[in-house]
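Okay, so here's the structure we're looking at.
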Amino acid sequence: MNLPSRFFVWNESFELGIPSIDADHQGFLELMNNLCSAMDRGEGRNRTQATLDALRAYATYHFIREEDVMGAAGYPGLHAQQVEHAWYLYYLEKLDGLSDADPARARETMEFMRTWFVDHILGTDKRFSQWLTATEGDEAVARHLEAEATSAGLRRSA
Ligand SMILES: [Fe+2]
Ligand SMILES: [Fe+2]
């Protein structure tokens, strides 16, 4: 299909300065690259569907995590985030059956995902980190992440 092997490339401008969210975003980007290369290498419908399912599961996990952080900080832009997240998940739902057998649709899909990712991270997610800095909400976020890490530790040791 002739797509670049790394269709999505991380760059520093994507960083929000919240390490767990930044790590999630990099993972997200890797999964979109996996989907892209599965189609590019013509790995077939099943393999493509598996990468799509993994992307959907990760997106769901990340969006819940991000919305929890925003909720804990009392972020007034939470609803706009939820709308954009829900819309992206709806878009992924519609991709079932995506296949390298239809290169035009595959390319259009990857282009759409790249645009969505860049716009969402640099626009909607960045607005959250800017708001955090302006309102000094960082402490609420730090407390939330600490509690999250503690409960993950408790789950692991249980
Ligand atoms: Fe987001
Ligand atoms: Fe995000």
Side-chain angles (χ1 to χ4, degrees), residues 3-40 48-96 98 105-156:
L3 292 168
S5 61
R6 298 191 58 75
F7 192 72
F8 300 93
V9 180
W10 181 261
N11 82 59
E12 281 176 10
S13 70
F14 294 150
E15 280 173 16
L16 301 191
I18 306 168
S20 56
I21 302 270
D22 289 333
D24 274 7
H25 286 161
Q26 291 185 39
F28 205 146
L29 191 139
E30 281 309 309
L31 286 167
M32 291 194 292
N33 272 326
N34 289 351
L35 176 63
C36 190
S37 58
M39 289 190 295
D40 194 39
T48 300
Q49 186 64 44
T51 56
L52 187 56
D53 290 345
L55 175 61
R56 190 180 296 154
Y58 195 85
T60 303
Y61 148 82
H62 167 65
F63 292 158
I64 289 172
R65 182 177 198 188
E66 198 175 78
E67 289 167 14
D68 279 353
V69 169
M70 292 171 181
Y75 180 47
L78 175 60
H79 182 67
Q81 276 279 346
Q82 288 167 325
V83 169
E84 284 192 31
H85 292 165
W87 197 87
Y88 182 78
L89 290 174
Y90 173 76
Y91 178 81
L92 288 185
E93 288 287 329
K94 299 276 163 218
L95 292 180
D96 274 346
L98 187 69
R105 183 174 177 228
R107 177 172 274 282
E108 187 188 294
T109 300
M110 302 322 294
E111 294 285 2
F112 170 83
M113 282 194 188
R114 183 157 62 184
T115 303
W116 186 89
F117 185 84
V118 170
D119 287 354
H120 187 77
I121 305 269
L122 292 183
T124 317
D125 284 356
K126 260 281 160 72
R127 269 195 292 282
F128 171 61
S129 61
Q130 286 159 350
W131 175 85
L132 263 188
T133 310
T135 59
E136 296 174 359
D138 308 53
E139 266 186 41
V141 167
R143 276 197 304 277
H144 173 79
L145 292 174
E146 206 177 292
E148 189 184 64
T150 306
S151 76
L154 288 175
R155 272 200 303 277
R156 259 197 306 278

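Order of appearance sets the numbers: ligands from 1, and atoms from 1 within every ligand.
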Which atom pairs, one a donor and one an acceptor, fall under 3.5 Å between side chains of residues 67-85 and the rest of the protein, sequence neighbours left out?
residue	atom	partner	partner atom	Å
Glu67	OE2	His85	ND1	2.7
Gln81	OE1	His85	NE2	2.8
Gln81	OE1	His120	NE2	3.3
Gln81	NE2	Thr124	O	3.2
Gln81	NE2	Asp125	OD1	2.7
Glu84	OE1	His120	ND1	2.6
Glu84	OE1	Thr124	OG1	2.9
Glu84	OE2	Thr124	OG1	2.9
His85	NE2	Glu66	OE1	3.0
His85	NE2	His120	NE2	3.1

- Is it true that Trp116 and Tyr90 have ring centroids separated by less than 6.0 Å? no
- Query: When rounded to the nearest 0.5 angstrom, what is the spacing between CZ in Phe128 and CD1 in Ile18?
  - Reply: 5.0 Å
- State whether Arg105 and Glu108 are salt-bridged, where the test is any N-O pair (Lys NZ or Arg NE/NH1/NH2 against Asp/Glu carboxylate O) under 4.0 Å. no
- With a cut-off of 2.8 Å, how many protein N, O or S atoms neighbour the Fe ion (ligand 1)? 5
- What about the rings of Phe14 and Phe117, do their centers lie closer together than 6.0 Å? yes
- Judged by atom type as modelled, is there a donor-acceptor pair below 3.5 Å linking the side chain of Asp22 to the main-chain atoms of Glu15? no
